[in-house]
There are 2 protein chains.
Amino acid sequence: MPKVTPILLDEQLCFSIYSASKKFNHFYQSALAPFGLTYPQYIAMLVLWEDAPLTVHQLGERLELDSGTLTPLLKRLEKQGWVERVRSRTDERQVLIHLTEMATAKRDEVYTRIGQCQTLLGMSDDEIDDTMRELVTIKSQLDVVSNQRKIAKEVDKEL
Amino acid sequence: MPKVTPILLDEQLCFSIYSASKKFNHFYQSALAPFGLTYPQYIAMLVLWEDAPLTVHQLGERLELDSGTLTPLLKRLEKQGWVERVRSRTDERQVLIHLTEMATAKRDEVYTRIGQCQTLLGMSDDEIDDTMRELVTIKSQLDVVSNQRKIAKEVDKEL
DNA sequence: TTCCAGAGTATTGTATACAATTAAATTGCC
DNA sequence: GGCAATTTAATTGTATACAATACTCTGGAA
């Protein structure tokens, strides 16, 4: 009879990452409290501060989020005065996300605040780099597997 | 004039973790498709397979989730036949989460399936251990900071 | 015994996520 | 030029998360 290996929560990498992700979320939420931004709203703003204006699709590629998540998120950002959603004139399918003047004006304030809060964490650059390198590997392995499945599905369709 | 350091999404550890967490979620969701379990439902089952029955509170401590998340999740698990929610007789405040016979019967099947899917990822034990060790450090640093804030809040209340 | 502070769970309200579908605009291809 | 396939957002439906609140129960103090 084949022995089955038990799966213990505390030994699961997925749970470490899941738990760390929630803690980071919480950390940024409270760091960003003065600006009223949630973590997903904040990373959307980061991308826009790098590169605005962007279409919903382009923003989604950077954030790995689809329009089902972004459309309501961006509407909330618009209501709070951070962005404007403008239907593109050259391609009416697209909606361009522009920064407002307030967003441009507050950018450095947010950068500074986040910089200070990150300092509180006391993480060394090496620690951060090492971890990010390992996460890159893990993520690419996850991508490979899910692409294999996608390809398998495509192959199934052909038949 | 003080220089402000720009914050680039791709250099943020938080985003690496956030993104990896979503990919893991997706990976397990598809690995668990035959059982109809979501990732949070799966980790709840993992804890219960280790230790059932547990109160909602005890389960929440292991999973780092509160009743606002667990109550509806457990109701869905109950509806799908994995658990039974039983009001404790010795302490009517508590709800004990018991495994059903089906859950006990399917445990090894889930363990096996997950084991196979994890093998597909091709991650070495060293790679996993290293990453988990680093995540433990990061999480404890995040905890320290958020506890400092909690304590700061408490101190404010005293005044 | 009665009252009350605290514990345990459920509920409410807001904000993500994401699969699946819809609707509108554009592109390719004839 | 006309139309099918594709692209882009928005919408719908389900499932987390979590703060804040409500409600019930328990144990202890007066």
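These values consider heavy atoms only, across backbone and side chains, with no hydrogens, waters or symmetry-generated copies. Each chain gets a letter, A, B and so on, in the order its sequence line appears, and its residues count up from 1.
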*Okay, side chain of B/Asp66, backbone of B/Thr69: is any donor-acceptor separation there less than 3.5 Å?*
yes

*asked:* Assess, by modelled atom type and distance only, whether the side chains of A/Gln58 and A/Gln94 contain a donor and an acceptor separated by less than 3.5 Å.
replied: no

What are the atom names and distances for every N/O pair under 3.5 Å that joins the protein to nucleotides 19-28 of chain D?
| from | atom 1 | to | atom 2 | distance (Å) |
| --- | --- | --- | --- | --- |
| D/dT26 | OP1 | B/Glu92 | N | 3.1 |

*Euclidean distance, atom CZ of residue B/Phe24 to atom C1' of C/dC18 [Å, nearest integer]*: 19 Å

*asked:* Looking at D/dT16, I'd like to know if its phosphate oxygens (OP1 or OP2) sit under 4.0 Å from a side-chain N or O belonging to B/Gln41.
replied: yes

*Could you state the atom-to-atom distance from NZ of A/Lys75 to P of D/dA9 in whole Å?*
13 Å

_B/Lys22, nearest nucleotide to its side chain (from C/dG8, C/dA17, D/dA17)_ = C/dA17

_Distance, rounded to the nearest Å, where A/Leu70 contributes CG and D/dT8 contributes P_ = 14 Å

*Grab the CG-P distance between B/Asn25 and D/dA15 for me, whole Å please.*
14 Å

*Please report, rounded to the nearest Å, how far the P atom of D/dT8 is from the CG atom of A/Leu59.*
14 Å

_I need the OH-C1' distance between B/Tyr28 and D/dT16, as an integer number of Å._
18 Å

*Tell me: CD of A/Glu61 to C1' of D/dT7, nearest whole Å?*
12 Å

*Presence of A/Thr55 side-chain N/O under 4.0 Å of D/dA9 phosphate oxygens OP1/OP2*: yes

*Distance in angstrom units between B/His57 NE2 and C/dG8 P, rounded*: 5 Å

_Restricting to non-hydrogen atoms, name the atom on A/Tyr28 and the atom on B/Cys14 that form the minimum distance, rounded to 0.1 Å._
CE1-CB, 3.5 Å

